[in-house]
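Read through the structure below, which is laid out as structure tokens, and then see the notes.
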2 protein chains.
Amino acid sequence: MPTPRRRGRPLSPAVTREGICRAALEIAAESGYEALTMARIARRLAVAPSALYNHIRGKDELMALLQDAVMDGVSTAELERAARGEMAVSEALRAWARSYRAVFAAHPPLIPVIATMPIAGAPRTQEVYEAVCAALARTGLPPGAHLARVIALESFIYGSAYDVGAPADIFEVADAAEAVPALQHAVSAFRDDGHAAAPSGANPYADAPFEAGLDLLLAGLDTASPQPGPASPSSG
Amino acid sequence: MPTPRRRGRPLSPAVTREGICRAALEIAAESGYEALTMARIARRLAVAPSALYNHIRGKDELMALLQDAVMDGVSTAELERAARGEMAVSEALRAWARSYRAVFAAHPPLIPVIATMPIAGAPRTQEVYEAVCAALARTGLPPGAHLARVIALESFIYGSAYDVGAPADIFEVADAAEAVPALQHAVSAFRDDGHAAAPSGANPYADAPFEAGLDLLLAGLDTASPQPGPASPSSG
DNA sequence: ACCTGAACACCGTTCAAGT
DNA sequence: ACCTGAACACCGTTCAAGT
């Protein structure tokens, strides 16, 4: 037993929101998100579980906190260069998208959180959006289409992040292979293209689809003049 | 109290996998997935919770069962017409993608399941993949690129399905609007394009981004001759 | 084979008591 | 304001007993 704390208020606070956040990320990294419980966080901070509730409303708020924290690992340096005209916007978005996917592939339970949570209380998330929009402003894309492109890219990134953690045998059908000939043919052709070579038990169907989709979703950028769009500048 | 069952084995089985599945979907539809517990399913079937474990291994297997069951709501009719050459493949994929998104928008907790679960035990899911691949075979796209396109589309659909259920105020920043000028500009321009008109409290940032992303991810189909690709047929 | 009933090992969360 | 400790209302799951 570590020396127990007295019952009342400590001289200096034993718990902070930052401390909770750090402890939670350490637990998730060491033991996975299944192991991330309020009790485990409290134990790591050497306090009672109930002490956490003086700093966060509950586990939902913790997840929101974590989401914004891991967002710090998403690279916006390239976007800032692109916004200054020092780099092609599509290349900057590609770098951003890759780091974004990598971060959330390591934190799958945060995907529903980032996908549906208002950005209001998440300062780092706001910064990322700002960087993306500033880069898109250097583009020929009409302003009314910027946000849609950002959201489409994000949606694709979230789904792609799940793929990274999928098992290598997702498309194995073992029995009844004759019932899905077109699928079998597509899987074979994918492998013949040299993709199936993924490390150990990793999902071989993650990287190539991500890069292919990314190429398509980055089309039409890097042009100087505004694209023809359905909305004219004088409308609205 | 409804008449209680005797202790031993009943003359006809009181529980089936199909019954569990149906009850679970009813509970999710009526009360949401937060209300979907083993106890609640058992109560609806008028059995003890432990009785369920004679038919399914646990809640994980239930979720897998539900995933394949809701997959039945994804429309493959257009894909089959396209595979017979009666419809443009891109239009068939568009219809498929829309119904796919709608189905999983209604079942968000199944998104991580479909995204990472092997298709081996999911016959309806296999059928859907088969229909998509058969339609893509009518395309000029090189066979080695078919599966990647399918997976890219799916990843995009999963992320987009989350967006549907997001609150309408996701991009509200209230304070600190001056800290994110480019984002504010993009949000305003999006609204000026007439998108913000979503019903009641629905997320106005879901449909337009989905359609825009879909357009991009369906590019390069509907051509008769094979596309030039980075991999030559003789390699690999 | 397939049910009941009791029990287990957890969860997240609340709250009075204490300083 | 901020901690402890006890308690609460759940969870999913296991298993002996019963037919």
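In the text below, chain A, chain B and the rest are named by the order of the sequence lines, each starting its count at 1.
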Rounded to whole angstroms, how far apart are [atom1] on [X] and [atom2] on [N]?
X	N	atom1	atom2	answer
A/M38	C/dT14	CE	C1'	12 Å
B/N54	D/dG18	CG	P	17 Å
A/R40	C/dA9	CZ	P	19 Å
A/E61	C/dG12	CD	C1'	14 Å
B/D60	D/dG12	CG	C1'	10 Å
B/M63	D/dT13	CE	P	12 Å
A/L62	C/dG12	CG	C1'	12 Å
A/E34	C/dC10	CD	P	15 Å

Do any side-chain atoms of residues 98-111 of chain A form donor-acceptor pairs under 3.5 angstrom with protein atoms, and if so which ones, sequence neighbours left out?
from, atom 1, to, atom 2, distance (Å)
A/R98, NE, A/E211, OE2, 3.0
A/R98, NH2, A/E211, OE1, 2.9
A/S99, OG, A/S75, N, 2.8
A/S99, OG, A/W96, O, 3.2
A/Y100, OH, A/E154, OE2, 2.6
A/Y100, OH, A/Y158, OH, 2.8
A/R101, NH2, A/D207, OD1, 2.9
A/H107, ND1, A/Y33, OH, 2.7

Compare the minimum distances between each of [options] and the side chain of [X], then state the nucleotide with the smallest one.
X	options	answer
A/A14	D/dT4, D/dC3, D/dT13	D/dC3
B/S50	C/dG5, C/dT13, D/dT4	C/dG5
A/K59	D/dG12, C/dT13, D/dC3	C/dT13
B/T37	D/dC2, D/dG12, C/dC3	D/dG12

Does A/H55 have a side-chain nitrogen or oxygen under 4.0 Å from the phosphate oxygens OP1 or OP2 of D/dA1? no

Any pair counted as side chain to side chain donor-acceptor pair (under 3.5 Å), so long as it reaches residues 62-71 of chain A, sequence neighbours left out: A/Q67-A/T125, A/D68-A/T125

Using the ring-ring contact (aromatic ring centres under 6.0 Å, His included) rule, pick out the option among A/F190, A/F210, A/Y162 that qualifies with A/Y205. A/F190

Closest to the 5' end of DNA chain C, once A/R57 and A/A35 are matched to their nearest nucleotides, is A/A35

Mapping B/L52 and A/A51 onto DNA chain C by nearest heavy atom, which one lands closer to the 5' end? B/L52

Answer yes or no: are there more than 12 heavy-atom neighbours, outside B/H55 itself, under 6.0 Å from its atom NE2? yes

DNA chain C in dot-bracket form (Watson-Crick or G-U pairs under 3.5 Å, [ ] crossing, | inter-strand) is ||.|||||...|||||.||

Which atom names give the shortest non-hydrogen contact between B/L45 and B/G19, and what distance separates them? CD2-O, 3.9 Å

Any Lys/Arg nitrogen of B/E30 or B/R40 sitting under 4.0 Å from an Asp/Glu carboxylate oxygen of the other? no

Pair B/E26 + B/R22, salt bridge at N-O below 4.0 Å: yes

